[in-house]
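Every number for a ligand or one of its atoms is a count from 1 in the order of the listing. In this chain, residues are counted from 1 in sequence order.
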Amino acid sequence: MIQNNRLFLSPPHMSGREQEYIAQVFESNYIAPLGPMVDRFEQNIRDYTHTSNALALSSATAAIHLALRVLGVGTGDLVLASSFTFIGSIAPILYQNATPVFIDSDAKSWNLDPALLEKAIAQAPKKPKALILTHLYGQCADLKTIAQICTHHDITLIEDAAESLGATYNTQQTGTFGTFGVYSFNGNKILTTSGGGMLVSSNKELIDKARFYSTQARDHAPYYEHTDFGYNYRLSNVLAAIGVAQMEVLEKRITMRRQIFQWYREALRDISEITFMPELSDTRGNRWLTAITFERSDPERIRTHLETADIESRPLWKPMHLQPLFKNGSVFQNGTSEGLFNKGLCLPSGTQMTSGDVEYVCAILKKALR
Ligand SMILES: *Cc1c(COP(=O)(O)O)cnc(C)c1O
């Protein structure tokens, strides 16, 4: 969509029913956090992903934090994690005073390399407590292999499906393979509540515990009694109304993101130096962002050129092991994510784009390559 003539990377795309549901919230006066819309949004996610328990939260970062807290991850514990991801996936490890161990990607999925995961587990000075696995740009990691490794070594799998709502591996939803799955409804994700997240699990006890921690860990008593401390992490009933309306169009949005990817692929197929993010067989990604790499050209030069035409593009995530924050951190690397970061670019992928918009972006991009 062009807002103020600018083509954004992934702007919100409302279904049209959001204000109707928000009006219902106002009529009921459930302006407090929690209320019927939160219940309904959680039910929508349970139905869509076929999970038995869901907890609506203020963000996916909060959801990952609660997962770690519930698992008892604490000071000095090791947590394995995808290096090629967004900081929201990793910061919760630091909240718990635990230590991240970063694992690089493989070329065939751009996601966590199972062979490096095996190596990291074998060489860890003590048994890691969990793995936080990201499904980058809505594309599935090699989930089956990775889940098997986690089961074999008794390491709890947390799927960071913040970007991959609706993506499937063998028709099963990402976020439902691990002990925990996490979805984000931040402003630029495939669905948005302006800000929000969801924690899912097949284990009711774990979600009940997370719910307890998400509302200040209040004990059962008529007054405020606390034997433990928690957080204020719940999603507002007003924002959940947006989520309910957004869930009605999720499949449509995925179809459109995949269509946009195809349009790019067709429009750029003659340019041999461009490679598109792959999709593993037996998986369906949601193609949240169309991500490409350039064999020779400098992506930063392309990005600034697109910017002159008011087109927003973005470098790929800078791997965590290259971040100043983790300069002395622990990492198992093979150069893949660093190479992708140096060569890659995310193109505008908002679902209000037309084929004409995609052609326009490609025309400017081709001009920059000349
Ligand atoms: C967006 C995102 C998050 C954080 O989600 P919030 O809801 O903004 O906290 C975490 N991990 C990944 C991979 C993301 O893209």
(message) Are Tyr21 and Ile45 linked, directly or through intermediate hydrophobic residues, by side-chain heavy-atom contacts shorter than 4.5 Å (ILVMFWY only)?
(response) yes
(request) Indicate whether any N or O donor in one side chain lies under 3.5 Å from an N or O acceptor in the other, for Tyr48 and Glu251. (result) yes
(request) Compute the shortest N/O to N/O distance between Ala60 and ligand 1 and return yes if it is under 3.5 Å, no if not. (result) yes
(request) Number the atoms of ligand 1 from 1 as they appear, then name those within less than 4.0 Å of a heavy atom of Ala162, with their elements. (result) 2 (C), 3 (C), 10 (C), 11 (N), 12 (C), 14 (C)
(request) Flag the pair Met353 / Val361 as yes when at least one side-chain heavy-atom distance between them is below 4.5 Å, and no otherwise. (result) yes
(message) Does any N or O of ligand 1 fall below 3.5 Å from an N or O anywhere on Asp160, backbone included?
(response) yes
(request) Report yes if Thr61 has an N/O atom closer than 3.5 Å to an N/O atom of ligand 1; otherwise report no. (result) yes
(request) Give the residue, atom name and distance (to 0.1 Å) of the protein heavy atom nearest atom 8 (O) of ligand 1. (result) Asn186 ND2, 3.2 Å
(message) When you compare the side chains of Thr336 and Asn334, does any donor N or O come within less than 3.5 Å of an acceptor on the partner?
(response) yes
(message) Hydrogens and angles aside, do Tyr183 and Gln173 bring a side-chain donor and acceptor to less than 3.5 Å of each other?
(response) no
(request) Please state whether Gly196 comes within less than 4.0 angstrom of ligand 1, counting heavy atoms only. (result) yes
(request) Measure across Ser105 and Ser337 and return the closest heavy-atom pair with its distance rounded to 0.1 Å. (result) OG-CB, 4.1 Å
(request) Could you tell me whether the side chain of Ser349 reaches within less than 4.5 Å of the side chain of Arg257, counting heavy atoms only? (result) yes
(message) For atom 3 (C) of ligand 1, what's the nearest protein heavy-atom neighbour? Residue, atom name and distance, please.
(response) Phe86 CD2, 3.5 Å
(message) Regarding ligand 1, does Trp288 bring an N or O atom to under 3.5 Å of one of the ligand's N or O atoms?
(response) no
(message) What's the separation between atom CZ in Arg40 and atom CG in Asn237, rounded to the nearest 0.5 Å?
(response) 10.5 Å
(request) Show which atoms of ligand 1 fall inside a sub-4.0 Å distance from at least one heavy-atom site of Thr85. (result) 13 (C)
(message) As an exercise, identify every atom of ligand 1 less than 4.0 angstrom from a heavy atom of Lys189.
(response) 1 (C), 2 (C), 3 (C), 5 (O), 14 (C), 15 (O)
(request) Report the nearest protein non-hydrogen atom to atom 15 (O) of ligand 1: residue, atom name, distance rounded to 0.1 Å. (result) Glu163 OE2, 2.5 Å
